[in-house]
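Read the structure below first, then the notes.
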Amino acid sequence: MTRPKIVAVDGPAGSGKSSICATVCRDLNWSYVNTGALYRAVGLLAGDRGVSLVEGPALSKILHEFADTVRWEHETAKLFVGVEDFTPRLDSVEAGNGASAVAKMASVREALMPHQRKLSLSAPRGAIVDGRDIGTVIFPDADLKIFMTASLEQRAMRRLKQIEKIGGASDFSHDDIMRAIALRDEQDSQRDSAPMRKAEDAILFDTSHMNVEMAIESLKELLRAKGLTK
Ligand code: DC
């Protein structure tokens with residue numbers, strides 16, 4: 001059986017990875033694998049079971065339960081743990097904070113690695129896999145590696161717009177959001193286990209001066225230019 005084409009996309013929060021990659025995959029009929037969703041789901045599952053996010057036997061049990069019961073539907077991009085659809089809860093602040101805490105632990109990263117590979121390799125066509133260590137750890141053999149980024153200021157602006165959309169803008173200033181994103185960047189890039197960094201052979205894709213539509217077209221053009229799509 002031939003392996004699907006794998007495009008690894010790493011980069012910091014707010015660089016546009018998920019919306020750009022999801023749309024490109026939808027247009028190309030490829031699978032979008034959002035690996036952050038797995039970290040988010042582990043954090044949520046631990047919360048549901050009343051387990052604190054520290055390394056130990058209780059968290060280890062959660063990882064086993066997760067490994068045995070997680071299911072991802074490529075067609076709908078839904079993530080199930082057992083019979084429960086976790087998708088509607090994955091974007092919550094609780095899920096993001098939980099993900100950031102569990103993502104620091106080597107045991108969690110190790111446990112999730114085979115799932116990320118299996119899920120991506122089961123894509124019927126190609127897969128764009130987004131995360132922080134996809135090009136460096138999960139798929140060092142990816143067909144194409146991209147490091148997607150944008151200035152801190154732009155990323156904070158985009159996040160503020162997202163928050164405005166859901167009606168929570170009055171609680172946060174642009175500066176508050178910049179500080180929160182800078183802190184998350186630091187946590188992701190300074191941790192001991194698989195820190196976020198650009199793979200040496202990754203292409204730098206800076207979306208600071210692009211709107212979403214431009215970035216989508218530009219990514220599609222890159223895939224064509226690399227011979228991954230027609
Ligand atoms: O991309 P995201 O916001 O869903 O990621 C949530 C957290 O999980 C973030 O702190 C980074 C971490 N993460 C990671 O360490 N490695 C990945 N492959 C994906 C996410």
Side-chain angles (χ1 to χ4, degrees), residues 6-23 25 31-47 53 55 59 62-63 66-67 70 72 77-79 81 86-121 127-140 142 145-150 152 155-156 158-160 162-163 166 177 179-199 202 205 207:
I6 300 287
V7 175
V9 179
D10 292 302
S15 54
K17 292 192 310 288
S18 56
S19 35
I20 295 164
C21 296
T23 307
C25 284
S31 302
Y32 168 52
V33 179
N34 172 359
T35 62
L38 298 178
Y39 290 93
R40 286 170 180 262
V42 167
L44 287 171
L45 184 64
L53 301 178
E55 222 136 4
L59 191 63
I62 293 294
L63 284 173
F66 186 79
V70 66
W72 176 280
K78 284 187 175 175
L79 188 151
V81 180
F86 269 42
T87 327
R89 297 160 66 200
L90 292 175
D91 284 333
S92 65
V93 173
E94 181 201 359
N97 290 339
S100 176
V102 297
K104 285 186 209 139
M105 301 175 200
S107 59
V108 174
R109 305 201 71 85
E110 214 169 283
L112 292 184
M113 179 164 175
H115 293 286
Q116 297 174 63
R117 284 192 61 92
K118 201 171 106 194
L119 238 158
S120 310
L121 292 171
I128 300 186
V129 190
D130 112 21
R132 302 294 189 286
D133 63 341
I134 308 302
T136 50
V137 177
I138 308 295
F139 282 109
K145 297 180 191 176
I146 293 170
F147 192 83
M148 197 176 283
T149 189
L152 182 59
R155 290 188 286 132
R158 290 170 189 170
R159 181 79 187 115
L160 191 61
Q162 266 175 359
I163 296 174
I166 54 171
I177 295 176
R179 270 194 295 275
I181 295 183
L183 182 69
R184 180 66 64 88
D185 284 357
E186 194 181 310
Q187 283 169 349
D188 289 345
S189 54
Q190 302 298 321
R191 67 180 176 226
D192 293 331
S193 183
M196 171 179 73
R197 66 177 175 83
K198 177 183 169 298
F205 191 100
T207 64

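Just so you know, ligand 1 is whichever comes first in the structure, and atom 1 is the first atom listed for that ligand. Quick caveat: nothing in here was measured; it's all calculated off a predicted structure.
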- Do Asp188 and Arg132 sit within salt-bridge range, that is, some charged N less than 4.0 Å from a carboxylate O?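 Looking at Arg132 together with Asp188, the answer is yes, because their closest N to O distance falls below 4.0 Å.
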- If you round to the nearest 0.5 Å, how far is NZ of Lys198 from OG of Ser189?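 Separation between the atoms: 15.0 Å.
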- Message: Just verifying a value: how many Å separate Leu119 CG and Ile138 CD1, rounded to the nearest 0.5 Å?
- Response: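 Atom-to-atom, Leu119:CG and Ile138:CD1 are 11.5 Å apart.
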Sub-4.0 Å atoms of ligand 1 with respect to non-hydrogen atoms of [X]:
X	answer
Arg109	14 (C), 15 (O), 16 (N), 17 (C)
Gly36	4 (O), 19 (C), 20 (C)
Arg184	10 (O)
Asp133	18 (N)
Asp188	9 (C), 10 (O), 11 (C)

- Can you check whether Gly96's main-chain N or O pairs, donor with acceptor, with Ser100's side chain at less than 3.5 Å?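 No: the side chain of Ser100 does not pair with the backbone of Gly96.
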- If only atom types and distance count, is the side chain of Lys145 paired as donor or acceptor with the main-chain N or O of Pro140 below 3.5 Å?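 Yes, the answer is positive, given that a donor and an acceptor are paired below the 3.5 Å cut-off.
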Any nitrogen or oxygen of [X], main chain or side chain, under 3.5 Å from a nitrogen or oxygen of ligand 1?
X	result
Tyr39	no
Arg191	yes
Lys17	no
Asp130	no

- Item | Non-hydrogen atom of Gln187 closer than 4.0 Å to ligand 1 |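 False for this residue.
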- CA sep, side-chain torsions, deciding dist, call: Thr207, Arg155, side-chain hydrogen bond (donor to acceptor under 3.5 Å, both in side chains): CA-CA 9 Å; Thr207 64; Arg155 290 188 286 132; over 6 Å; no
- Task: Test Ile146 against Ile128 for side chain to side chain contact (heavy atoms under 4.5 Å, CB included), laying out the working first.
- Result: CA-CA 10 Å; Ile146 293 170; Ile128 300 186; over 6 Å; no
